Amino acid sequence: MGGYGDIKMIDENGLRMDGRSATDVRPITIETGVVPVADGSCRMTWGTNDVIVAVYGPMEAHPRKIQRQDRAVLDVRYNMAPFSTTDRIRPGFNRRSREISKVTADALASVVLLEMYPRSKIRVEIEVICAEAGTRCVGLTAASVALADAGIPMTDMVVSVASGKINDVVVCDLNKEEDNYGEADLPMGVLPNTGEIVFLQMDGDLSPEQFQTAWDYNVNAAMEVHKIMVEALKNGGAK
Amino acid sequence: MAIPLVPKILRSHLLDLASKDERIDGRGRWEGRQTKLEVDILPRAEGSAKVTMGDTIVYAGVKFQLMTPYSDRPNEGGLMCSAEVRPVAGRNWEPGPPSAESIELGRVVDRGIRESGCIDVKSLCIIPGEKAWQVILDLFAISDDGNLFDAFALAAIAALKNAKVPCERFEVGQDHLLEVSSMPIMCSYHKVGNRFVYDASKKEELGGDERIHITLGEANHVHSLQKGLKGIFSADEFVEIMEKAKDTSKELRKLVNSVVGE
């Protein structure tokens, strides 16, 4: 959070630098079945974010010590390709990708019916090919679509959206510039059927009113994104 | 990569097909899978390409960094090529530090490009002894259905050919295209059912023996060779695939030129 309040990012008409209103999300496309060798997969572009998710399993969990007698283990990895950002990222795990993998796994484990597959493993591989801002939200949302594409039973799909604050105004779905100079960021994972939350992070500075606005923006945007996800799965068809 | 148990039945099936001069997916012995090449598709990379060969899908991305030239070569920049096959690409690829297989992949592709001299490292120097460009080529597999080598090599040269040196961002002049003076092309042959075939699929790789990778430059100059996996081949066999590689690399060069422009 830079907090460069002197850079004007919202014009007199309340429009943002890319012409969006405060509640608009960036353009989204979803395509399923993009990794032919996987059991389920999905490519999601969200603004200039480009994320590919592959799902493998349920399959044998090995080594045996990771097995659980009453449920499947969910093995989630979030990774950014070395060429996905302006400055190259050294390949390999770092603290940031570890944390995002963990919170994504926690969110997905809340909806996947893991009890149906004791002693097995489900692998979710999230690869960010091109990053703009909000990759963790795109990764989590795309992972839900890929799990659905793999035919893995879930109580709901997680839809993840972030809202933030720029020039002391709450806006939905920050882009790259807004994220660099933003004053707050509130990513959430929403279950569209019930409105419940399975993923929540926040950093920056929000007043109680601003926080409520950001929360509402996220929940409303999630409902819109959910429609695109359902449409993509219908078009992709079951395997 | 965890090597799965190869059922004897797959090997004998491949052997049986070979005796009838057939392949498991119906292709001819020297026939490649349908290949699609897309370039300039990743907005954060200075050069990029995506190659789809059947169900094998890979990306290549080019990034630039400023470096201090090595003291024994003050007039030269650097070229680095690394390949990553992350577990997204198939159920047998495992997480963790780069496996021997993916290191081999990166190094063989690197040699073909480096030794062809298509990137003039002297032209990457900005201030001798002080500042030079380092070109970093990252190869990234999304879906592995066999023959990652050729897919990586094709994506690599296509990504380099559309790479733009980001001089303005680093405040060292004006952006310009990276100079790529020639086009090395790799052709890989696998021994399947006791004879070599071009562009093996995953099943053929699993049920086959050794593989040979040939990188040819302009006028059929040889720039890199690699024999991988257990197996024995004769000089005659090598002559045969070398001849085939000359024809195939010509076709692939045409493909790259048609997409990237000469």
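Predicted, not measured: the structure shown is a model, and the values here were computed from it. Lettering of chains follows the sequences in order, A, B, ..., and the numbering in each one begins at 1.
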Requested in this report: Give me the ring orientation class for B:Tyr59 and A:Phe83: parallel if the planes are under 30° apart, tilted from 30 to 60°, perpendicular past 60°.
Outcome: tilted
Is there side-chain contact between [X] and [Y], with at least one heavy-atom pair below 4.5 Å?
X: A:Asn79; Y: B:Arg86; value: yes
X: B:Ile57; Y: A:Pro36; value: yes
X: B:Arg44; Y: A:Thr48; value: yes

Is chain B contacted by the side chain of [X], its backbone, both, or neither, given a heavy-atom distance below 4.5 Å?
X: A:Lys121; result: neither
X: A:Arg123; result: side chain
X: A:Val34; result: backbone

Take a 6.0 Å sphere around [atom1] of [X] and say whether it holds more than 12 heavy atoms from other residues, nucleotides or ligands.
X: A:Arg71; atom1: CZ; value: no
X: B:Phe170; atom1: CZ; value: yes
X: A:Arg20; atom1: CZ; value: yes
X: A:Glu115; atom1: CD; value: yes
X: B:Arg27; atom1: CZ; value: yes
X: A:Arg96; atom1: CZ; value: yes

Query raised in the report: What's the shortest heavy-atom distance between B:Ala89 and A:Tyr56, and which atoms?
Result: C-OH, 3.3 Å
Could you grab the distance from atom [atom1] of [X] to atom [atom2] of [Y], nearest 0.5 Å is fine?
X: A:Asp50; Y: B:Ile41; atom1: CG; atom2: CD1; result: 8.0 Å
X: A:Thr85; Y: B:Leu42; atom1: OG1; atom2: CG; result: 11.5 Å
X: B:Gln134; Y: A:Arg88; atom1: CD; atom2: CZ; result: 8.0 Å

**Report entry** Check: B:Lys63 side chain, A:Thr86 main-chain N or O, donor-acceptor pair, under 3.5 Å
**Finding:**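 Side chain of B:Lys63 to backbone of A:Thr86, a donor-acceptor pair under 3.5 Å: yes, one is there.
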Report summary line: In terms of heavy-atom pairs under 4.5 Å with chain A, the winner among B:Val62, B:Thr52, B:Thr56, B:Val88 is B:Val88
Requested in this report: Take A:Glu127 and B:Glu84 through the test side chain to side chain contact (heavy atoms under 4.5 Å, CB included) and record every step on the way to the result.
Outcome: CA-CA 12 Å; A:Glu127 297 291 344; B:Glu84 255 191 299; over 6 Å; no
Query raised in the report: Do NZ/NE/NH1/NH2 and the carboxylate oxygens of A:Asp87 and B:Arg169 come within less than 4.0 Å?
Result: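 Yes, this pair counts.
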